[in-house]
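Model, not experiment: these values are computed from the prediction. Note on naming: letters A, B, ... go to the chains in the order of the sequence lines (proteins, then strands), and numbering restarts at 1 for each one. Worth knowing before you read on, the calculation uses all heavy atoms, side chains too, and leaves out hydrogens, waters and symmetry mates.
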Number of protein chains: 2
Amino acid sequence: MARPARITRDDVAHAALRALDDVGYDQLSMRTLAKELGVGTMTLYHHVADKDDLVDAAIDLVFAGLPAAMPDAGVTGRARVIAVATTVLDLLLEHPGLIQARGQRALRRPTTLAVTNDLARGLLEAGVDPATAGVGIPLLLDYAIGCAGFTTQIEDEETFEALRQALPADEFGPLLAVNQAVIDTYGPPYTRRRAFEINVERILDGLGAR
Amino acid sequence: MARPARITRDDVAHAALRALDDVGYDQLSMRTLAKELGVGTMTLYHHVADKDDLVDAAIDLVFAGLPAAMPDAGVTGRARVIAVATTVLDLLLEHPGLIQARGQRALRRPTTLAVTNDLARGLLEAGVDPATAGVGIPLLLDYAIGCAGFTTQIEDEETFEALRQALPADEFGPLLAVNQAVIDTYGPPYTRRRAFEINVERILDGLGAR
DNA sequence: ACCTGAACACCGTTCAAGT
DNA sequence: ACCTGAACACCGTTCAAGT
């Protein structure tokens, strides 16, 4: 039996994901990663082509666990769409470094086609017109990415208070009014995940899902 | 009259925006930018605090022109929301480097509060419940960002054909069906901007906008 | 065959000095 | 007062050599 290689691509991918989670993409360096794995910097290049490929390996690691989390045949189409969308959001919220590193490619790996297909299945089962479903799938995914990485959501009352005091009421009346209504109706705690859930329901209504 | 400074913050911001558009954030360097402006690298630091501030200046430049593009009082609330959302999308599509560089901060500048306020105004005018409007505003903005920077949209028939041939029909039936319906119904040309317009209408339906 | 140190061509930013 | 070159502490990746 040959001596196993000291490190595998999987080891590298796991270390990269941990570094992305801990310090973010900007601070992720081949040198530091190699040091952490106890190998020379150049050894990494035997397992990944370059830094891009390193991040792709980390992405695949995250989405590899996704099919198992998918709802089984027993649920309604609407429940399936909600489950898939929020699972994607949760994965992205857990690993914000992925979006920082990859942008669009984070959801363009072969691994994520199963997700897209599950959304299509759920929407069709919920009675959504096929063309409307096809247009609506990117809406759900783009919103999940935008919400995870970029939301302008106000999540706590202090931020809202600060905003209220900073904005002249005569000019920003509508904004202050809707923010007040959100605080009164939904929170605290009012998280971006909660907002996502509420909005997915509205999106499904708009798409005509039963 | 004192000799005017050779370069202003505005010059630096314009040059930074051009560089972001041309070569992207990764290739944007203080050294190159300074050379292009015909000054020493360190001179830039008299106009911007650091590279982050440089990008913020470029962002403000882009959104500075936005209030002028806002619809006036004559339109319906629904039309206002559509106009504001698509204008934001167009700005982001024109300058993809902004999202690459900033992520969430791209829409968190004081300049963009006017946008948020206009969306609130439009939604309220369209009869949307205030709390629903407050939750729905980040949906519109997050979707615009996700769509501009990260969409998984299939925009041309070749990509669709490639996908169809790559995916086994028995496993990816729903995905292939909805994609076919989109091609048949909307395109070509079916762009991400077109998809955005369609989906904003559906979002407004879901939010209960008249 | 497998691994990797040294080197190349870059970065952003600090500091101290030049005019 | 205003500007900036040199230097510091980093990068990702190529190349050639080491074991």
In this structure, how many angstroms lie between the [atom2] atom of [N] and the [atom1] atom of [X], rounded?
{"X": "A/Met42", "N": "D/dA17", "atom1": "CE", "atom2": "P", "answer": "17 Å"}
{"X": "B/His46", "N": "C/dT13", "atom1": "NE2", "atom2": "C1'", "answer": "13 Å"}
{"X": "B/Asp53", "N": "C/dT13", "atom1": "CG", "atom2": "P", "answer": "10 Å"}
{"X": "B/Arg31", "N": "C/dC10", "atom1": "CZ", "atom2": "C1'", "answer": "8 Å"}
{"X": "A/Gln27", "N": "C/dC11", "atom1": "CD", "atom2": "P", "answer": "18 Å"}
{"X": "A/Tyr45", "N": "D/dT14", "atom1": "OH", "atom2": "P", "answer": "7 Å"}
{"X": "A/Met30", "N": "D/dT14", "atom1": "CE", "atom2": "C1'", "answer": "13 Å"}
{"X": "A/Leu44", "N": "C/dG5", "atom1": "CG", "atom2": "P", "answer": "12 Å"}

Okay, side chain of [X], backbone of [Y]: is any donor-acceptor separation there less than 3.5 Å?
{"X": "A/Thr185", "Y": "A/Val182", "result": "no"}
{"X": "A/Asn117", "Y": "B/Glu171", "result": "yes"}
{"X": "B/Arg202", "Y": "A/Gly136", "result": "no"}
{"X": "A/Asp11", "Y": "A/Ile7", "result": "no"}

Would you say A/Thr32 reaches D/dC10's phosphate, i.e. side-chain N/O to OP1/OP2 under 4.0 Å? no
Scanning all shown strands, the Watson-Crick or wobble mate of C/dA9 with both distances under 3.5 Å is none
With both distances kept under 3.5 Å, what pairs with C/dC2, Watson-Crick or G-U wobble? D/dG18
Hey, which sits more toward the 5' end of DNA chain C by its nearest nucleotide, A/Gly40 or B/Lys51? A/Gly40
Looking for any heavy atom pair under 4.0 Å, which part of the strands does A/Leu28 touch: base, sugar-phosphate only, or nothing? sugar-phosphate
Using a 4.0 Å heavy-atom cut-off, does B/Leu33 contact any base of the nucleic acid, only the sugar-phosphate backbone, or nothing at all? nothing
Quick one: are B/Leu123 and B/Arg78 in side-chain contact, heavy atoms under 4.5 Å? no
Distance, C1' atom - from D/dC3 to C/dC15, rounded to whole angstrom: 14 Å
Regarding the side chain of B/Ser29, the nearest nucleotide among D/dG12, C/dT14, C/dC11 is C/dC11
